[in-house]
2 protein chains.
Amino acid sequence: MDSFFHDLCPLRLTMDIIGGKWKLNIICLLKDGTPWRYNAIKRAVPGITNVMLAQSLKSLEHYGILSRQQYNEVPVRVEYRLTAAGMELLELLRQLRDWGNQYMQDFSNLESHCPQCLLQESETSR
Amino acid sequence: MDSFFHDLCPLRLTMDIIGGKWKLNIICLLKDGTPWRYNAIKRAVPGITNVMLAQSLKSLEHYGILSRQQYNEVPVRVEYRLTAAGMELLELLRQLRDWGNQYMQDFSNLESHCPQCLLQESETSR
DNA sequence: CAGAATCCAAGCCGATACTG
DNA sequence: CAGTATCGGCTTGGATTCTG
């Protein structure tokens, strides 16, 4: 975890929060606010390793994008869910997605439907 | 330049367009639509090398975020400026900045002013 | 002036194995 | 179940030199 305020640049901070290879996938997965367990996330994000998953979750929790709830049962159960800040961020990500979607339609005739698309929803815009 | 449509995921595409270490600095610099010459950009972005600048400009031009105009004088003059698509993207970046700014204020009492902040403007929001 | 070519360092990420 | 430890490759970016 690097310096918390990234030289006091808010845009750079935001980019660092959602940067990296797997953060968007995780945020997308938790988009409807329901709790997700560690291994469930791992199964739902194909290709992610334990190292990257644990690291990404820790970073997102550190920044308050998601919350971690641990239940000391046997075996232990841990649930992650998006915070209010995460939900706000999600809204911005939807706009970035819509911009990209518009961009793709402008520059080609490809259909906009994307099977493995992050943040995909039934409508183009919410 | 990797695959143009990034597995057809518009959000990933957008992130790739503005990803990397220097793209945001360059976009920010051209924010008011005025033309900038290569060496002027280089002087205005401290620490950037020729390799990274040329690479970033080429990528941003490839994605239609900025346009490149070459004047065959001696010596040659090249001007870069944001396109309409770049201006739209800039608007989204402002929102990301505002989110980060709000985030920073929520989590600390630091003043929000940031000397080297990207996309900095006189008001917090436009 | 506006870049391109080359080489090198650092850090991100993957694979595998292990643990409370 | 929910992680951590370790090693190694590969990508990203930096430094330097060179050119139309």
Side-chain angles (χ1 to χ4, degrees), chain A residues 1-4 6-7 9 12-13 15-27 29-30 34-63 66-81 118, chain B residues 1-3 6-7 12-13 15-27 29-30 34-63 66-81 118:
Chain A
M1 219 74 63
D2 34 22
S3 113
F4 199 80
H6 303 72
D7 300 325
C9 173
R12 193 68 75 182
L13 169 67
M15 293 299 293
D16 284 358
I17 290 177
I18 61 178
K21 188 171 181 181
W22 301 102
K23 304 251 190 74
L24 291 177
N25 299 68
I26 296 169
I27 293 174
L29 202 63
L30 311 185
T34 58
W36 281 76
R37 300 183 61 174
Y38 182 92
N39 277 314
I41 299 176
K42 193 178 172 190
R43 279 189 298 273
V45 181
I48 196 170
T49 63
N50 275 328
V51 175
M52 292 315 296
L53 178 53
Q55 196 170 295
S56 302
L57 288 172
K58 193 169 290 186
S59 173
L60 290 171
E61 185 199 3
H62 168 77
Y63 284 118
L66 48 80
S67 66
R68 177 184 187 275
Q69 173 79 16
Q70 176 168 344
Y71 301 91
N72 289 321
E73 311 162 350
V74 265
V76 59
R77 186 171 103 240
V78 177
E79 288 182 349
Y80 294 92
R81 73 193 74 198
L118 298 170
Chain B
M1 220 76 62
D2 35 23
S3 111
H6 303 72
D7 299 328
R12 193 68 75 181
L13 168 67
M15 292 299 294
D16 284 359
I17 290 177
I18 61 179
K21 188 170 181 183
W22 302 102
K23 304 250 191 76
L24 291 177
N25 300 67
I26 295 169
I27 293 173
L29 200 64
L30 310 186
T34 59
W36 281 75
R37 300 182 63 174
Y38 182 92
N39 277 314
I41 300 176
K42 193 178 172 191
R43 278 188 299 271
V45 180
I48 196 169
T49 63
N50 274 330
V51 176
M52 292 315 296
L53 178 53
Q55 195 170 296
S56 303
L57 288 173
K58 191 169 291 186
S59 172
L60 290 171
E61 185 199 2
H62 168 78
Y63 284 117
L66 49 80
S67 67
R68 177 185 188 275
Q69 175 78 15
Q70 176 167 344
Y71 301 91
N72 288 321
E73 311 162 349
V74 263
V76 58
R77 184 172 107 239
V78 177
E79 288 182 349
Y80 294 92
R81 73 193 75 196
L118 299 170

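To find a chain, count down the sequence lines: A is the first, B the second, and so on, and within it residues start at 1.
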Closest non-hydrogen atom pair, B/L66 against B/L57: CD1-O, 3.8 Å
To the nearest angstrom, the CZ-P distance between A/R43 and D/dC1 comes to 7 Å
From CA spacing to verdict: side-chain contact (heavy atoms from CB on, under 4.5 Å), A/N25, B/R12: CA-CA 10 Å; A/N25 299 68; B/R12 193 68 75 181; 2.6 Å; yes
Would you please confirm or rule out a distance under 4.0 Å between OP1 or OP2 of D/dA2 and any side-chain N or O of A/R77? no
Contact class for B/G47 (heavy atom, under 4.0 Å): base, sugar-phosphate, or nothing? nothing
Give a yes/no answer on whether the side chain of A/R37 brings an N or O atom under 4.0 Å of OP1 or OP2 in D/dG3. no
Decide yes or no for B/K58 and B/R68: does some side-chain heavy atom of the first lie under 4.5 Å from some side-chain heavy atom of the second? no
In Å and rounded to the nearest 0.5 Å, what is the OG1 to CH2 distance from A/T49 to A/W22? 7.5 Å
Whole-Å distance between C/dC13 P and A/I48 CD1? 10 Å
Contact class for A/V74 (heavy atom, under 4.0 Å): base, sugar-phosphate, or nothing? nothing
Atom pair distance, as rounded to whole Å: OH in A/Y38 and P in C/dG20: 16 Å
Please state how far atom CD in B/E79 lies from atom C1' in C/dG3, giving the value in whole angstrom units. 16 Å
Between B/V51 and B/A40, whichever has its closest DNA chain C nucleotide further toward 5' is B/A40
Can you tell me how far CD1 of A/I18 sits from CD1 of A/I26, rounded to the nearest 0.5 angstrom? 13.0 Å
Would you kindly give the CG-to-P distance between A/D16 and C/dC12, to the nearest whole Å? 10 Å
DNA chain C: A/T49 or A/V76, which has the more 5' nearest nucleotide? A/T49
Counting only side-chain nitrogens and oxygens, does B/Y80 get under 4.0 Å of the OP1 or OP2 atom of C/dG3? yes
Please confirm whether the shortest side-chain N or O distance from B/K58 to OP1 or OP2 of C/dA4 is below 4.0 Å. yes
Counting just side-chain N and O atoms, does B/W36 come under 4.0 Å of either OP1 or OP2 of C/dC1? no
In whole Å, what is the span from the CD atom of B/Q55 to the C1' atom of D/dG14? 11 Å
For B/I18 and D/dT12, give me the distance from atom CD1 to atom C1', rounded to whole Å. 17 Å
Quickly work out the A/N50 CG to C/dG14 P distance and round it to whole Å. 12 Å
Respond yes when some side-chain nitrogen or oxygen of B/K21 is under 4.0 Å from OP1 or OP2 of D/dG14, and no when none is. yes
